[in-house]
2 protein chains.
Amino acid sequence: MGVIEKLSGAPALAQEAPLDLALDRILKGDCIEVMRALPAASVDLIFADPPYNLQLGGDLNRPDGSHVDAVTDEWDKFETLGHYDRFTRAWLTEARRILKPNGAIWVIGSYHNIFKVGAAIQDLGYWILNDIVWRKANPMPNFKGTRFTNAHETLIWASMGEKSRYTFNYRSMKTLNDELQMRSDWEFPICGGQERLKKDGVKVHPTQKPEALIYRILLACSKPGDVILDPFFGTGTTGAVAKRLGRHWIGIEREDSYIAAAEERIAAALPLDESALTTMQSPKAAPKVAFGTLVETGYLKPGAVLTDAKRRWRATVRADGSLLSDCGQAGSIHKLGSTLQGAPACNGWTFWQHEAEGKLQPIDTIRQTYLLATQP
Amino acid sequence: MGVIEKLSGAPALAQEAPLDLALDRILKGDCIEVMRALPAASVDLIFADPPYNLQLGGDLNRPDGSHVDAVTDEWDKFETLGHYDRFTRAWLTEARRILKPNGAIWVIGSYHNIFKVGAAIQDLGYWILNDIVWRKANPMPNFKGTRFTNAHETLIWASMGEKSRYTFNYRSMKTLNDELQMRSDWEFPICGGQERLKKDGVKVHPTQKPEALIYRILLACSKPGDVILDPFFGTGTTGAVAKRLGRHWIGIEREDSYIAAAEERIAAALPLDESALTTMQSPKAAPKVAFGTLVETGYLKPGAVLTDAKRRWRATVRADGSLLSDCGQAGSIHKLGSTLQGAPACNGWTFWQHEAEGKLQPIDTIRQTYLLATQP
DNA sequence: TCACCCCTTGAATCTAAGG
DNA sequence: GCCTTAGATTCAAGGGGTG
């Protein structure tokens with residue numbers, strides 16, 4: 001493994017003699033220029049994690065006053081949305097040239113950029129096969145309470161065209177998912193802990209992706225021995241996973257610090273034995289149902305009256321799933337329960353009762369009914 | 001409630017005398033033409049469920065041989081992706097004209113169209129606030145085993161611009177979600193059972209959306225009395241939910257069969273009564289109480305001693321509601337808190353504590369007492 | 001060793017009102 | 001427009017220390 005320098009200033013024409021396809025290497029340079037130098041129709045799969053073009057305002061602090069370490073790197077800055085658009089179409093065009101006719105591409109992004117990416121993918125003649133949602137188990141909250149917690153990112157999977165015969169290992173995915181078809185929503189934790197690359201206690205890359213995410217993609221959409229290209233290689237997650245899964249890889253990256261980290265990491269990566277496959281799976285989340293869901297879905301109507309088991313307190317259900325007690329206090333089922341009792345905490349599911357078939361039943365029974373109706 | 005016919009062939013210029021804003025009505029006609037006739041800056045919120053441009057191939061059968069009833073309606077057919085693009089930009093442009101400056105728009109779609117929609121939204125100057133994933137609890141499986149199960153749809157929430165002051169009922173959403181911030185991934189079952197409109201056993205509309213989904217959107221992003229417009233009204237889910245939640249609504253729809261079903265449905269919908277509609281308010285919306293007021297009204301006496309929770313700092317309340325710390329610094333409760341901690345900001349209401357019943361309590365509890373005593 | 005508590009951190013377009 | 005001030009605002013994981 002080594003770094004091949006793309007000579008800066010070299011004419012970056014498609015006509016120039018292409019580099020031989022150097023496998024399992026990091027190519028240093030701008031991804032568009034480097035791709036131009038690669039032979040056409042030579043790559044089986046592309047995984048791309050391009051800059052998101054976040055447009056952050058000033059500093060952001062958590063409620064406790066601590067500072068949020070945001071993505072402020074130069075590589076994420078674009079003058080205008082138009083510039084980002086042209087950049088996106090340029091690299092997607094080169095990607096299309098070097099993909100084999102039956103190849104495919106994956107791109108990850110957030111709402112800042114994914115619509116531009118998706119529109120470009122369609123305009124350039126790719127054929128979208130799925131969009132996939134990565135649900136983050138532990139996203140960063142919205143500290144100011146101004147929007148919904150940004151708890152997911154989106155991936156687009158596209159083939160070279162409507163008739164292209166892409167690779168999809170249906171059986172592997174079904175096995176990986178306890179014999180149920182793999183859905184388009186995947187849950188993984190964000191990259192942290194031992195997996196997160198750090199130098200002197202500081203994260204090496206601001207947006208390192210979890211290996212589990214790439215693992216599932218390569219397992220689903222490539223075969224052993226295939227060539228996987230990552231034009232925004234960063235710290236080499238794609239390379240490490242490809243090596244583990246017995247795929248060839250090519251990485252393109254501009255920054256020396258990322259390249260150094262990626263080389264060390266990939267050198268240390270060992271091909272996985274089968275047993276590791278099971279550890280890559282995210283634990284099945286126990287289905288959680290919020291009280292408000294029962295209101296939204298009509299299992300309990302706003303205006304319904306609840307009491308405690310001894311009928312000491314009464315409360316009315318409101319449209320947002322809060323309760324209003326007869327004495328004028330309001331809150332969630334748990335909060336109001338604890339307030340009324342003067343207790344530090346209260347499980348509203350068992351505390352609050354509703355009348356059904358002539359007797360009081362905890363509202364948890366409604367939740368059970370809902371779960372029975374909606375869970376497979 | 002009634003249908004107002006948009007005369008076909010009438011000149012659809014923005015200059016023509018706009019219709020008065022007829023509330024709680026279905027306007028019959030092409031959504032672009034009808035919107036052109038509506039007054040500018042007159043609508044608080046738009047919910048739009050446009051055609052998805054599905055581009056289905058031949059018939060699809062389940063493994064057992066039964067036939068899948070797909071979306072084959074005329075309204076979902078567009079000659080090319082370019083035609084769909086122009087259609088999308090046209091209706092989004094009119095939507096933008098009739099939205100109030102602090103209004104907002106929601107659009108739902110799938111990977112077939114949502115990237116085109118999102119790109120157009122950004123190009124037209126809207127400001128995306130979140131993308132939301134509707135995870136279907138019970139999606140249709142991928143019968144051929146060729147891709148991942150398409151188990152979600154995507155919604156885009158956007159304001160009129162970066163500086164626009166959109167409505168977001170943060171507190172209601174948090175209450176609805178058991179006291180956790182509402183995330184960007186929502187799980188609901190698809191529309192079926194009693195809720196699914198049928199005529200002679202056949203579904204009236206191929207893509208009827210669940211009321212729970214619209215319920216959450218309207219609860220989060222509108223206020224009682226607001227005007228909600230749905231330019232692709234279909235069988236009137238938006239109208240039914242708006243009526244229930246005490247919002248005004250306007251629907252635009254071309255097809256008589258959908259209009260008839262929507263009218264019947266909305267007539268049968270029951271509005272929630274006032275008390276159920278009252279929702280948890282953010283402190284932002286609650287009347288503000290200055291710290292000085294508590295001093296003026298005697299809830300806290302000048303000379304009283306406050307400390308932080310860990311008793312690292314002490315300060316004395318002065319007659320004008322400022323604090324004087326032991327080290328001689330003075331300022332408002334917020335300013336002194338941030339100065340002492342060297343923090344960029346500090347909420348004095350929770351930082352400063354007073355001793356009551358033998359233990360420390362934040363001075364915010366005094367404010368709550370004051371509010372309970374003085375608010376009607 | 002384990003349970004428990006505390007601290008840190010993560011792709012974030014992150015305030016509102018008044019002068 | 002800008003500037004200032006009041007005051008509202010966080011969830012799940014992982015790691016380290018302690019009992």
Side-chain angles (χ1 to χ4, degrees), chain A residues 49-73 75-78 81 84 108-114 134 136-154 187-196 198 201-203 205-210 232 234 283 285, chain B residues 122 126-131 157-159 161-163 165-166 168 170-171 174 177-184 281-286 288-293 321 331-335 337-338 345-352 363-364 367:
Chain A
D49 180 12
Y52 287 9
N53 190 29
L54 300 184
Q55 296 164 57
L56 306 178
D59 278 5
L60 178 64
N61 294 314
R62 299 186 180 80
D64 66 6
S66 65
H67 184 253
V68 175
D69 185 17
V71 180
T72 53
D73 307 70
W75 50 252
D76 197 44
K77 296 203 192 313
F78 293 82
L81 198 56
Y84 186 78
I108 183 168
S110 66
Y111 68 85
H112 309 85
N113 71 323
I114 199 67
W134 167 28
K136 302 183 184 185
N138 47 347
M140 192 190 300
N142 180 295
F143 297 115
K144 304 292 186 190
T146 55
R147 305 180 181 190
F148 298 98
T149 304
N150 213 342
H152 74 276
E153 294 190 19
T154 302
E187 179 173 322
F188 295 108
I190 58 177
C191 183
Q194 295 299 318
E195 189 185 329
R196 187 90 195 198
K198 300 204 173 183
V202 179
K203 59 187 176 191
H205 195 287
T207 70
Q208 187 183 336
K209 296 293 177 289
F232 306 95
Chain B
Q122 290 184 304
Y126 292 98
W127 190 250
I128 298 182
L129 298 165
N130 276 120
D131 61 334
W157 173 35
S159 69
E162 186 174 356
K163 302 295 181 192
R165 301 222 213 132
Y166 55 90
F168 181 54
Y170 175 75
R171 214 29 261 184
K174 190 164 174 176
N177 196 37
D178 274 359
E179 293 301 311
L180 287 180
Q181 282 192 341
M182 188 69 81
R183 299 169 37 120
S184 57
Q281 293 294 309
S282 287
K284 277 176 202 170
K288 283 185 184 165
V289 178
F291 181 69
T293 305
S332 72
I333 55 172
H334 314 293
K335 195 121 205 198
S338 66
C346 167
N347 182 345
W349 290 108
T350 51
F351 177 76
W352 292 108
I363 55 177
D364 193 44
R367 179 167 60 164

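Chain naming here is simple, since letters A, B, ... match the order of the sequence lines and numbering starts at 1 in each.
For D:dG7, one of the phosphate oxygens OP1 or OP2 lies less than 4.0 angstrom from a side-chain nitrogen or oxygen of B:H334. Within the structure, every side-chain polar atom (N or O) of B:Y170 is placed at least 4.0 Å from both OP1 and OP2 of C:dA16. The side chain of A:K144 places no N or O atom within less than 4.0 Å of a non-bridging phosphate oxygen (OP1 or OP2) of C:dA12. In this structure, A:N150 reaches the C:dT13 phosphate: one of its side-chain N or O atoms is under 4.0 Å from OP1 or OP2. Regarding contacts with the backbone of C:dA11, every side-chain N or O of A:S110 stays at 4.0 angstrom or more from both OP1 and OP2. Taking 4.0 angstrom as the limit, A:K203 places a side-chain polar atom (N or O) nearer than this to OP1 or OP2 of C:dG10. Within the 4.0 Å cut-off from OP1 or OP2 of D:dA8, at least one side-chain nitrogen or oxygen of B:R367 is found. Put simply, A:Q194 has a side-chain N or O that comes within less than 4.0 Å of OP1 or OP2 on D:dG15.
Rounded to the nearest 0.5 Å, atoms CG (B:N130) and OG (B:S159) are 11.0 Å apart.
The ring of A:F143 does not lie on top of the base of C:dC14; it is either too far (5.5 Å or more) or too tilted (30° or more).
Classified by interplanar angle (parallel below 30°, tilted 30° to 60°, perpendicular above 60°), the ring pair B:W157/B:F168 is tilted.
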Distance-only donor-acceptor pairs under 3.5 Å for side chains of residues 56-63 of chain A, two or more places apart:
{"unit_1": "A:D59", "atom_1": "OD2", "unit_2": "A:H67", "atom_2": "NE2", "d": "3.4"}
{"unit_1": "A:R62", "atom_1": "NH1", "unit_2": "A:S66", "atom_2": "OG", "d": "3.1"}
{"unit_1": "A:R62", "atom_1": "NH1", "unit_2": "A:H67", "atom_2": "O", "d": "3.1"}

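Taking only distance into account, the side chain of A:K136 never meets the base of D:dA13 through a donor-acceptor pair shorter than 3.5 Å.
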Which dot-bracket string describes DNA chain D (Watson-Crick N1-N3 plus N6-O4 or O6-N4, or G-U N1-O2 and O6-N3, all under 3.5 Å; [ ] crossing; | other strand)? .|||||....|||||||||
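If you take CG of A:D64 and C1' of C:dT8, they are 9 Å apart, rounded to a whole angstrom. As a whole-Å value, the separation of A:R62 CZ from D:dG7 P is 25 Å. Across the protein-nucleic acid pair, B:I333 atom CD1 and D:dT5 atom C1' stand 12 Å apart, rounded to whole Å.
A:D76 meets the salt bridge (charged side-chain N to carboxylate O under 4.0 Å, His left out) test with no other residue; sequence neighbours excluded. Listed by chain and residue number, A:K209 satisfy the salt bridge (charged side-chain N to carboxylate O under 4.0 Å, His left out) test with A:D49 (two or more places apart in sequence, or in another chain). Listed by chain and residue number, B:R171 satisfy the side-chain hydrogen bond (donor to acceptor under 3.5 Å, both in side chains) test with B:E179 (two or more places apart in sequence, or in another chain). With sequence neighbours excluded, the residues satisfying salt bridge (charged side-chain N to carboxylate O under 4.0 Å, His left out) with B:R183 are B:D185.
For the C1' atoms, the distance linking C:dT15 with C:dA11 amounts to 22 Å, nearest Å.
Comparing D:dA8, C:dT13, C:dA17 by their closest approach to the side chain of B:W349 singles out D:dA8.
Across all strands shown, A:G58 has heavy atoms under 4.0 Å from base atoms, whether or not it also approaches the sugar-phosphate.
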